[in-house]
Amino acid sequence: MSTAMAVVAAEDGLDLAVPAASVHLERPASREHGDWSTNVAMVTAKKAGTNPRALATSVVGVLERDLPDHVASVEVAGPGFVNFRLDDGWLHDALAAVLDQGEEGYARPDIGHGEKVQVEFISANPTGPIHVGNGWWGSYGDALARVLARSGHVVSREYYVNDTGGQIRTLGTSLLARHRGEEVPEGGYRGEYVTELAADYDGPDDVAVAGRWAAARILDRIKATLDSVGIVFDEWYSQASIEESGAVDETIALLDAKGLIFEEDGKTWFRSTELGDTRDRVLRKENGDATYLAGDLAYHRDKFLVRGFDRVIDVFGADHHGQVASLMAGVEALGVEPGRLEVKLGQMVSLVDGGEAVKMGKRAGNAIDLDTVINDIGPDATRILSLMSTLDQAATFDLATVREQSVENPVFYVQMANARIAGVGRKAVERGISRTPLAAVDLSLLTHPRELELLRCLEELPEVVADAAVDRAPTKVTTWVRRLASCFHGFYHDCPILADDVDPAVAQARLWLVEAARIGLAIGLGLLGVSAPEAM
RNA sequence: GCCCCUGUAGCUCAGCGGAUAGAGCGUCGCCCUCCGGAGGCGAAAGCGCAGGUUCGAGUCCUGCCAGGGGCACCA
């Protein structure tokens, strides 16, 4: 780390000499190009009136007068890159840092500086079982929250419960029909769960009461399902409570004060076209009921203006795309700076099973039930699969590849690395070998390419966490975890740790390297919400 | 018609504007007197099409083609 800082300082020195805008210090894709590389010469050559290679050459000349710690050489390459080659010592220092900071302290880049951010996700209506799309986007939201929390943000996870309105009435109607042994009316909920619930219902023959009763039951089941994949919330926020509190009227009044409200056809309208929406929106219908948007605006007013979140990230399914423009317009109208509300849209997910499309379940009615998938492939596979592709990708997944513990199972590959790490620990105990204190271990004995590769991977984790947070892309953690597992398997294959003919000093250094790998895996899997079993 | 997302290897997906585009599966080879071969090593194979910006484009911009999702006083 201190080495990296020294290199950055060298780069800063250059910034003073040459005005530069987009100077990067980065890890080259190919190791032949060194450990670090900067494009400073290419970016600045034009303004400096020279060519990149010539500038790079003089830069290297300056640097070579006094090389920073751990820098073995600096050279010009390609179109004008300045490449730094480091000695292995910087990796040994990095290893010591991982071990020193441990699972709690390592890879906690403070990019949030305590920013209060709310992540709202899933928020599926309690009118039926949660489906796979919710599980996929939910895994994203949960992992994003974890990544943000690890990178210096104060995070709150929230589920907005749509426990009022027309859909709940429809649920009540459907439940009562089944309760009487009748068919569900057109447009109602026909899934088997309604029949199951109806059998237990012993309340009054009242649509509103029946609807609330059923919604509460269904919400309990949703919670149980999410709990089984480790998705938890800090807050379950009731839509009914917003409407009952008078917040909707207050919000409309706020908009009215800005001249954005008008009455027409007996309805109350929001002039959202003033703020980029495609048409104006109704907030209160002729019968006096608030629309969904009215409630949603009151809800977002509560998030920003009452509870004081600096930033709110809403994770919706792509089928809610149509809501975004009016929500954004409304939030801006309420005086919230654009940018403090981010909406992430998760594209649709489809499942196949050995090439055959998975059919929608009878139980859920019109979608693939998340519970069924979790029971099939397990919570860990459900989560890691969800986090292997980006939110923007309309992904297709094959359940057959992850159903059993098999070679082609990506979850298994990663967890196997952890099991092997634990196995090394068990074997060490068996052989009566224990780790000597780190201070007495010579980490510089780690020189095998496999060892160095593993160290490089571990050293990148803080940067990966930071990137994942900034880009709102927890999949970057998934990619890293798989790479770490790959590096570990390679190391494990080629570098015996406890074999009889291994120098005890080397064995000690390797044991500590294994411990660092354990720390890295634990952090990475923890961010993904995937368990790290010690045996398979 | 308008808006959003996507098009990367036979398949499923990764790829902060950088150098030779990666992984898993599938296909074809190789490695067990070794700590768990549930591993490792290697080969063949790819950026939808056409322009543009840039020293440099899979990545940014425009157009076209193809697929998915939206366009409510429902959520």
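Heavy-atom basis, side chains included; hydrogens, waters and symmetry copies ignored. Per chain, numbering begins at 1; letters A, B, ... match sequence-line order.
- Across all strands shown, rC71(B) forms a Watson-Crick or G-U wobble pair with rG1(B), both key distances being under 3.5 Å.
- Using a 4.0 Å cutoff on non-hydrogen atoms, no part of residues 500-516 of chain A comes near RNA chain B.
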With sugar-phosphate taken as primed atoms, P, OP1 and OP2 and all else as base, the protein-contact string of nucleotides 52-62 of chain B at under 4.0 Å (heavy atoms; B, S, -) is ---S-------
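- The CG-C1' distance, from D314(A) to rC4(B), rounds to 16 Å in whole Å.
- Within the 4.0 angstrom heavy-atom criterion, no nucleotide atom of any strand lies near D467(A).
- You cannot call H489(A) stacked on the base of rG40(B); the centres under 5.5 Å and planes under 30° rule is not satisfied.
- Contact annotation for D398(A): no contact, since no heavy-atom pair falls under 4.0 Å across all strands.
- Contact annotation for C495(A): base contact, defined as any heavy-atom pair under 4.0 Å involving a base atom.
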Only distances under 3.5 Å count here; give the side-chain donor-acceptor pairs of residues 495-518 of chain A to other protein atoms, sequence neighbours excluded, each with its distance to 0.1 Å.
from	atom 1	to	atom 2	distance (Å)
D503(A)	OD1	A505(A)	N	2.8
Q508(A)	OE1	T436(A)	N	2.8
Q508(A)	OE1	T436(A)	OG1	3.2
Q508(A)	NE2	S434(A)	O	3.0
R510(A)	NE	E451(A)	OE2	2.5
R510(A)	NH1	P496(A)	O	2.6
R510(A)	NH2	E451(A)	OE2	3.1
W512(A)	NE1	T436(A)	O	3.0
E515(A)	OE1	R518(A)	NE	3.0
E515(A)	OE2	R518(A)	NH2	3.0
R518(A)	NH1	E103(A)	OE1	3.4

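- Under 4.0 angstrom from either OP1 or OP2 of rC2(B) there lies no side-chain N or O belonging to T278(A).
- Atom CG in D277(A) sits roughly 13 Å away from atom C1' in rC2(B) (whole-Å rounding).
- Comparing rG56(B) with rC16(B), their C1' atoms sit 16 Å apart, to the nearest whole Å.
- Using a 4.0 Å heavy-atom distance criterion, R279(A) is classed as a sugar-phosphate-only contact.
- When both distances must be under 3.5 Å, the Watson-Crick or G-U wobble mate of rG18(B) is rC55(B).
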Run the side-chain contact (heavy atoms from CB on, under 4.5 Å) check on V414(A) and N418(A) step by step: do they pass?
-> CA-CA 7 Å; V414(A) 170; N418(A) 199 70; over 6 Å; no
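- When the P atom is compared between rG22(B) and rA45(B), the two are found 14 Å apart, to the nearest whole Å.
- Using a 4.5 Å heavy-atom cutoff, the side chains of H489(A) and Y413(A) are in contact.
- In this structure, rC41(B) and rG29(B) make a Watson-Crick or G-U wobble pair, each of the two defining distances being under 3.5 angstrom.
- Here the nucleotide nearest the side chain of K427(A), chosen from rA75(B), rG36(B), rG15(B), is rG36(B).
- Nearest-nucleotide assignment on RNA chain B puts the 5′-proximal partner with E32(A), out of E32(A) and H493(A).
- A stacking contact between F81(A) and rG18(B) is absent: the pair does not combine a ring-centre distance of less than 5.5 Å to the base's six-membered ring with planes differing by less than 30°.
- Nucleotides of RNA chain B nearest to K285(A) and M388(A) differ in position, and the one nearer the 5' end is that of M388(A).
- Among V161(A), N162(A), D296(A), the one residue that satisfies the side-chain contact (heavy atoms from CB on, under 4.5 Å) test with Q239(A) is N162(A).
- Within 4.0 Å of E26(A), counting heavy atoms only, lies at least one base atom of the nucleic acid.
- When the C1' atom is used for both rG58(B) and rU20(B), the distance is 15 Å, rounded to whole Å.
- Comparing the P positions of rG15(B) and rC74(B) gives a spacing of 38 Å, expressed to the nearest Å.
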Output, in order, the C-alpha distance, side-chain angles, deciding distance and verdict of side-chain contact (heavy atoms from CB on, under 4.5 Å) for K344(A) and F316(A).
-> CA-CA 6 Å; K344(A) 297 291 171 191; F316(A) 299 158; over 6 Å; no
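- The CH2 atom of W36(A) sits 15 Å away from the P atom of rG18(B) (whole-angstrom rounding).
- Electrostatic pairing of D494(A) and R450(A) counts as a salt bridge here, judged by a charged N lying under 4.0 Å from a carboxylate O.
- Each of rC16(B), rC5(B), rU12(B) was ranked by its minimum atom distance to the side chain of K476(A); first place goes to rC16(B).
- Nucleotides rC71(B) and rC55(B) have their C1' atoms positioned 44 Å apart, rounded to a whole Å.
- In this model, a side-chain donor or acceptor of S37(A) finds a partner on the base of rA19(B) within 3.5 Å.
- The line from CH2 of W236(A) to OH of Y160(A) is 15.0 Å long, rounded to the nearest 0.5 Å.
- The nucleotide rG7(B) finds its pairing partner in rC65(B), both defining distances of the Watson-Crick or G-U wobble pair being shorter than 3.5 Å.
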Heteroatom pairs (N/O) under 3.5 angstrom, protein to nucleotides 67-70 of chain B:
from	atom 1	to	atom 2	distance (Å)
rG69(B)	O2'	A318(A)	O	3.1
rG70(B)	O2'	G322(A)	N	2.9

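- For the residue pair D380(A) / Q415(A), a side-chain donor-acceptor distance below 3.5 Å is found, with atom types taken as modelled.
- The pair K303(A)-E158(A) does not meet the salt-bridge criterion, since no charged nitrogen lies less than 4.0 angstrom from a carboxylate oxygen.
- Among the heavy atoms of the strands lying under 4.0 Å from S389(A) are primed sugar atoms or P, OP1, OP2 only; no base atom is included.
- As rounded to the nearest Å, rU6(B) and rG48(B) have P atoms that lie 13 Å from one another.
- Only the C1' atoms considered, rC3(B) is 46 Å distant from rA43(B), to the nearest whole Å.
- Remark: Y237(A) engages Y299(A) in a ring pair (Phe, Tyr, Trp, His ring centres under 6.0 Å) (not counting sequence neighbours).
- Looking at residues two or more places apart in sequence or on another chain, you find no side-chain hydrogen bond (donor to acceptor under 3.5 Å, both in side chains) involving R435(A).
- Separation of atoms CG (L370(A)) and CD1 (I122(A)) is listed at 8.0 Å; rounding is to 0.5 Å.
- Side-chain contact between L148(A) and R472(A): present, with at least one pair of heavy atoms (C-beta onward) separated by less than 4.5 Å.
- Using a 4.0 Å heavy-atom cutoff across all strands shown, A395(A) reaches sugar-phosphate atoms only and no base atom.
- Note that NE2 of H448(A) is 9.5 Å distant from CZ of F491(A), once rounded to the nearest 0.5 Å.
- R426(A) comes within 4.0 angstrom of a base, heavy atoms only.
- Counting distance only, with no hydrogens placed and no angle test, the side-chain atoms of Q393(A) and the base atoms of rC5(B) include no donor-acceptor pair under 3.5 Å.
- Between R456(A) and E459(A) there is no salt bridge, since no side-chain N of the basic residue sits under 4.0 Å from a carboxylate O of the acidic one.
- Closest contact between the side chain of T475(A) and the listed nucleotides rG15(B), rC5(B), rG39(B) involves rG15(B).
- With distances taken from any side-chain atom of R281(A) to the nucleotides rA19(B), rA72(B), rC13(B), the minimum falls on rA72(B).
- Spacing of C1' atoms, rA21(B) relative to rC47(B), comes out at 8 Å, to the nearest Å.
- Nucleic acid contact for R431(A): sugar-phosphate only, since backbone atoms but no base atoms lie under 4.0 Å from a heavy atom of the residue.
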